[in-house]
Amino acid sequence: MCLLVVAWQADPELPLVLAGNRDEFHHRPAAPAGWWEAPGGVVGGRDLEAGGSWLALHRSGRIAVVTNFREPLADSPGRRSRGELVVGAVTSEGPLEAWLNRLAGRGDDYGGFNLVVGDGRELHVVSNRGGDRRCLPPGVYGLSNHLLDTPWPKVAAAKARLRRWLADPRRDREGLFGILADRQPAPDDELPDTGVPEAWERLLSSAFIVSPRYGTRASTVVLVRADGGTELVERRFAPDGSCTGESAFEVPGPS
């Protein structure tokens, strides 16, 4: 994912609300969200090049999302795919804390990443590019290709819109997709400086990215209800930004 907003325990009826965009080169093969044959019990998209995922949910209630850390000059040959972190997080057995402790010794195996992972009781964020692992208190959070809550314009705007969505009695999922659909780039004087050319910074500054080579490939909304049941909806897009399909899944709460 390249943009993620999360409301964690900010509403008693919806203890977890997550909305995110996956931005990627259009030529990279990927499978749409669906139930995996192996490992079983998991729903999410799959990267068909490296075998990992950007967002996945297990029937047990464990969920994980990964974003990369933008560092254009970093040398990463031979690094493991960041997508395998999502697979490992949602399929690992035993306490979530134990899996996170094991990950702490392997962070250098990967390029820069941010991982958000939860089990219905706790929500953690961990990055191998600065900052300690955090067990998040209730609140609204935003993440792009830097550390949690770095105030890039699209992150700040998406968080503000998510807060307004939470205050709206309707709280329909279309409102969340609307947050993700914003194609307005940031003003030039507000662009972050991440080491890429200014034209590229401008392109990447919108929540929804449209270009022939690279752009928003999928938007995903996850709603976890108080009973533990979860709705996951993914919309997929072509290089011109047109919608090419939608998949929706209902995952019962853990028994």
Side-chain angles (χ1 to χ4, degrees), residues 1-6 8 16-25 28-70 76 79-120 122-129 133-136 141-145 147-148 180 216-224 230 232-234 236 247 249 251:
M1 305 295 268
C2 287
L3 176 64
L4 179 70
V5 285
V6 178
W8 169 239
L16 179 61
V17 177
L18 183 152
N21 279 341
R22 178 188 181 236
D23 304 332
E24 183 56 88
F25 288 100
R28 184 164 182 143
W35 288 104
W36 298 358
E37 292 185 8
V42 179
V43 63
R46 290 301 288 265
D47 172 29
L48 298 180
E49 183 170 302
S53 179
W54 51 95
L55 180 155
L57 169 72
H58 193 274
R59 288 186 185 275
S60 67
R62 193 167 290 190
I63 187 170
V65 188
V66 70
T67 76
N68 71 324
F69 191 97
R70 193 182 304 160
S76 59
R79 298 285 179 88
R80 302 179 70 93
S81 168
R82 287 167 283 224
E84 74 175 32
L85 294 168
V86 171
V87 179
V90 299
T91 61
S92 63
E93 298 181 356
L96 178 59
E97 183 80 11
W99 184 85
L100 288 167
N101 288 338
R102 292 194 296 273
L103 173 62
R106 300 186 289 114
D108 290 342
D109 293 346
Y110 304 89
F113 71 82
N114 302 287
L115 180 70
V116 177
V117 57
D119 60 4
E122 295 182 339
L123 189 69
H124 294 257
V125 62
V126 58
S127 174
N128 64 349
R129 289 298 182 267
R133 185 179 89 211
R134 296 173 57 190
C135 182
L136 297 177
Y141 301 92
L143 183 63
S144 187
N145 303 119
L147 298 176
L148 185 72
L180 302 175
T216 299
R217 298 271 302 272
S219 296
T220 306
V221 165
V222 177
L223 300 171
V224 180
T230 301
L232 185 154
V233 184
E234 178 191 84
R236 297 172 293 279
S247 303
F249 305 88
V251 184

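These figures come from a predicted structure and were not determined experimentally.
Residues L115 and V86 meet the side-chain proximity criterion, which asks for heavy atoms closer than 4.5 Å. Residues E24 and C2 form no side-chain contact, since every pair of their non-hydrogen atoms from C-beta on lies 4.5 Å or further apart. Using a 4.5 Å heavy-atom threshold, the side chains of L136 and L148 count as touching. Residues V251 and L232 are not in side-chain contact: their nearest non-hydrogen atoms beyond the backbone lie 4.5 Å or more apart. Between L16 and I63 the shortest side-chain heavy-atom distance falls below 4.5 Å.
To the nearest 0.5 angstrom, L18 atom CG is 4.5 Å from L4 atom CG. One distance of note links OG1 of T216 with CG of L3; it measures 8.5 Å at 0.5 Å rounding. Here the straight-line distance linking atom CZ of R236 with atom CZ of R217 works out to 11.0 Å at 0.5 Å rounding. R82 CZ to N114 CG: the interatomic distance, rounded to the nearest 0.5 Å, is 10.0 Å. To the nearest 0.5 angstrom, S219 atom OG is 11.5 Å from R22 atom CZ.
Judged as a side-chain contact (heavy atoms from CB on, under 4.5 Å), and not counting sequence neighbours, the contacts of A50 are R28, D47, S81. Listed by chain and number, the residues in a side-chain contact (heavy atoms from CB on, under 4.5 Å) with R80 are E84, D109, Y110 (sequence neighbours excluded). R46 pairs by the salt bridge (charged side-chain N to carboxylate O under 4.0 Å, His left out) definition with nothing, not counting sequence neighbours. Remark: D119 pairs with R62, L96, R121, E122 by the side-chain contact (heavy atoms from CB on, under 4.5 Å) rule, at least two apart or across chains.
The closest donor-acceptor contact from the side chain of R129 to the backbone of L147 lies at 3.5 Å or more, if one exists at all. One N or O on the side chain of S127 and one on the backbone of F113 form a donor-acceptor pair closer than 3.5 Å. For S53 (side chain) and L55 (main-chain N/O), a donor-acceptor pair under 3.5 Å exists by modelled atom type.
Among residues at least two apart or in separate chains, salt bridge (Lys or Arg N to Asp or Glu O under 4.0 Å) pairs with a member in residues 88-104 are E97-R133.
In this structure, a donor-acceptor pair under 3.5 Å is absent between the side chains of T67 and N145.
Of all heavy-atom pairs between G111 and N128, the closest is O-ND2, 3.1 Å.
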With a cut-off of 3.5 Å and sequence neighbours excluded, list every side-chain donor-acceptor pair involving residues 29-44.
{"unit_1": "W36", "atom_1": "NE1", "unit_2": "G44", "atom_2": "O", "d": "3.0"}

